[in-house]
Student: 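Following this message is one structure expressed as structure tokens.
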Amino acid sequence: MTSASVAHTLPRRGPDPDARDRLAALAPRIDTGSLAAERVVAVHPALATVLPQGLPRGATVRTSGRAALSGALLLAAGASQAGAWTGVAGVPELGVQAAAEAGLALERVVAVRDRAGAAFSDDTWGQVLGALLDGFDTVVFGAATRVRAGTARRVQSRLAHRGAVLLIVGAAGAFSCDVEVDTRSTWEGLGDGHGHLRARRVDVSVAGRRIRRPRQDSLWFPDAEGAVRRVEDGSANVTPLTWRQTG
Amino acid sequence: MAVLHANRVVACSRAAAAAGVRVGHRRREAQSRCPALDVVAHEPARDARAFHDVIEAVAAAVPRLELTEPGVLTFATRGPSRYFGGDAALAAHVRTLVESALGTALRAVGPVGIGIADGRFAAGVAAHRAMRQAAAGGDGWVIVPAAGSATFLARGSLQWLIHVGGVEPDLVGLFRRLGLRDLGALAALPITDVLARFGQPGVIAHQMAAAGDDRPPGTQDPPEGMVFVHHFDAPVHHLESLVFVGKHLADQLASALAAQGRVCTQMLVTAETEHGERTERCWSRSTGLSAAAMVERIRWQLDGWGQGITGDAGGGAVADAAGGEGGERGGGGEDGVVQVDVTAGVIQLRVEPLAVRADEGVQLGLWGGRTQADEWAQRATARLVGLVGDPQVVVPAWQGGRHPDDVYRWVSASLSDLDDPTGRAAPGPGAATGPWPGLLPAPSPAAVYPSAVEASVVDADGRHVGVSGRGVASGAPARVRCAGRDEEVAAWAGPWVVEERWWDAGRHRRVARYQLLTQSGRAYLAVLERQRWWLVAEYA
């Protein structure tokens with residue numbers, strides 16, 4: 001850019017009605033990289049209305065309600081699709097197929113489970129969570145009630161330092177939660193002796209001290225085609241299977 | 001019996017081979033040749049433990065053993081053969097040692113073959129020939145006269161390069177397409193031409209064929225002072241902790257050599273306990289030992305040393321029982337085969353390269369490949385394995401099946417290659433992807449109970465709901481009681497009857513499945529098996 005053209009684009013003295021707009025247009029170009037945007041973990045597009053900013057890094061997120069486990073998997077799915085690794089601890093009942101359907105990349109899932117007869121001690125859980133949070137971007141944890149307050153505090157300070165996201169399924173125990181995700185689910189497709197579970201409508205409400213204002217939305221998780229999407233107003237429910245006489 | 005890795009047969013017993021099963025077959029192909037085939041998963045650590053006794057027995061007679069992998073043992077014969085009075089006497093002695101060490105396992109593994117020749121490769125080929133002769137009633141050893149190895153190999157098939165020499169099958173295939181019919185033809189080529197056309201791998205193959213591989217080509221003595229030792233502050237009893245330190249040492253060694261552009265082809269691993277017991281093993285691999293390969297060998301060595309053969313598939317602790325027992329030898333608890341050599345914790349672990357060669361390097365892919373996140377996650381996984389033990393850290397692997405807990409299984413993270421997940425988490429191109437008739441449609445339950453919960457399902461009149469042999473239900477489920485909860489059924493579907501493995505009386509399974517939605521909004525997958533109800537999963 002020559003000096004002549006610079007002089008030309010400089011605002012003239014006196015009031016300029018376009019100055020504000022032009023500054024606004026220039027702002028993204030001189031942006032040195034938004035720190036806030038880097039401090040979040042991407043979420044699934046269907047969750048964009050309830051978590052428009054994504055999940056804040058370093059946060060403890062608790063999911064509760066009927067769809068607590070699959071909700072936690074859906075929250076982890078956004079980062080997993082973007083190449084992040086997911087650690088799972090204290091969820092021996094994790095359904096791998098459901099995790100894949102929620103959008104988790106299975107090749108980047110590592111689970112830690114305690115032996116049937118020998119449950120991990122509070123101390124071991126502290127070490128396991130510490131190691132998980134060091135290496136994984138999202139950690140799904142289902143045994144929060146088995147961790148004592150002191151250990152939970154240590155884990156959470158490490159979490160804040162490392163910038164991972166801890167997803168607690170069910171009771172939070174001694175952990176203090178930054179984001180609370182509550183779910184209520186209604187199943188569709190199952191009749192009185194016919195049909196099968198086809199779709200689920202999940203009402204999600206998000207609140208917590210690291211959320212600017214509480215939000216609610218309804219999702220098809222999954223819809224009849226197996227996809228996860230928002231329930232659009234006025235859209236019909238999943239059409240029930242027609243009863244067919246056979247034989 | 002056949003050993004499968006990634007759906008391919010990697011080894012099979014003599015009986016299976018007689019039925020037509022070959023290395024490289026797919027599972028289905030092998031089973032179609034031999035329907036009674038007993039299939040086991042490939043697990044090098046188990047082999048290493050089983051082979052430990054053999055190593056110990058031979059080590060008592062011969063110094064400086066060299067191991068490539070479990071099942072193959074190499075040593076220099078000049079000294080021992082003079083001591084025992086000739087090659088034949090040495091071979092007979094070693095054979096007796098190995099056979100007595102194997103004991104009852106001998107019948108399962110088949111005859112032992114011993115080959116004596118000028119180079120490692122020629123000796124390997126001789127040992128394989130000896131094994132075949134022994135199966136046909138021979139004496140179990142083949143001795144190639146000194147300087148006669150090239151003649152001995154000349155008529156041999158190029159296939160030996162793959163099986164014994166560890167040469168890439170692609171390269172051997174290329175040799176064959178170029179008209180080289182046997183090892184003699186390859187050895188007859190001028191080495192400079194082989195180098196110009198095929199590079200270093202070609203030279204290695206050429207030297208093997210010419211029986212000139214007494215020392216792998218291009219190897220040199222390692223630089224001075226490159227010994228990595230770790231002294232433990234307190235004696236360590238746990239295998240995992242030892243392997244964790246071993247991994248650290250191996251990483252150091254590999255990166256120190258990599259900084260000079262070299263790779264280790266032979267290394268010496270030594271561990272010593274507080275009471276002065278030592279294990280010292282030399283591991284070699286002509287294609288070079290990566291850090292991961294070194295760790296694997298350290299694990300094999302320590303595991304075998306600490307445990308003897310206990311038949312325990314999980315990676316147990318070194319000297320679990322030996323810790324508090326002072327001088328008393330024992331522990332383990334298996335009769336007859338106990339061989340716990342260690343009576344105290346390990347205080348020193350030492351890794352030393354014996355031979356190195358220039359690293360030709362690995363060309364990394366332009367796209368994809370490892371990211372920082374992969375690196376961190378893998379480090380964290382290794383740390384977790386060190387913390388809570390091998391079987392507790394798992395990754396999902398696809399296997400296929402009809403039930404929610406069948407489609408994927410959990411495999412130990414340290415036994416799977418986290419770098420190369422393709423084919424683990426997804427059905428591979430060669431795998432039997434189905435269809436699985438009777439598989440329930442998506443969505444799948446998010447919570448699959450580790451062990452099914454017994455329940456009771458009754459109809460509106462309070463009678464047990466049963467399903468007849470023809471798959472007809474006795475009533476409609478109205479209430480489900482389980483673990484103290486009594487819930488009303490709002491909607492249900494079923495029974496979907498599935499009958500599995502009806503050809504195998506021991507594993508035959510016939511179940512009727514129901515989806516139950518309770519008034520409170522819980523959706524369960526319930527099964528009825530032998531007239532008992534179980535909740536197996538919840539759509540949570």
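In what follows, every chain begins at residue 1, and chains take the letters A, B, ... in the order their sequences are listed. This one's a predicted model, so the numbers in the text were calculated from it and none came from an experiment.
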Student: Rounded to the nearest 0.5 Å, what separates atom CH2 in B:W492 from atom NE2 in A:H196?
Tutor: 15.5 Å

Student: Identify which part of B:P443 has an atom lying under 4.5 Å from any heavy atom of chain A, answering side chain, backbone, both or neither.
Tutor: both

Student: Against chain A, label B:V407 side chain, backbone, both or neither, depending on which of its atoms sit under 4.5 Å from a heavy atom there.
Tutor: side chain

Student: Taking side chain as C-beta onward, heavy atoms only, is A:V96 less than 4.5 Å from B:W410?
Tutor: yes

Student: Tell me, for A:A99 versus chain B, whether the close heavy atoms (under 4.5 Å) come from the side chain, the backbone, both or neither.
Tutor: neither

Student: Measure B:A442 against the heavy atoms of chain A and call it side chain, backbone, both or neither at under 4.5 Å.
Tutor: both

Student: Can you say whether B:Y539 sits under 4.5 Å from chain A via the side chain, the backbone, both, or neither, judging by heavy atoms?
Tutor: both

Student: Check each atom of B:S520 against the heavy atoms of chain A and say whether the ones under 4.5 Å are side chain, backbone, both or neither.
Tutor: both

Student: Checking heavy atoms, do the side chain of B:P477, its backbone, both or neither come under 4.5 Å from chain A?
Tutor: neither

Student: Need one label for A:S70: side chain, backbone, both or neither, based on atoms under 4.5 Å from any heavy atom in chain B.
Tutor: both

Student: Quick one: what part of A:F120 sits under 4.5 Å from any heavy atom of chain B, side chain, backbone, both or neither?
Tutor: side chain

Student: Heavy atoms under 4.5 Å from chain A: which residues of residues 379-387 of chain B carry them?
Tutor: B:A380, B:T381, B:R383, B:L384, B:L387

Student: Contact part of A:R184 toward chain B, heavy-atom cut-off under 4.5 Å: side chain, backbone, both or neither?
Tutor: neither

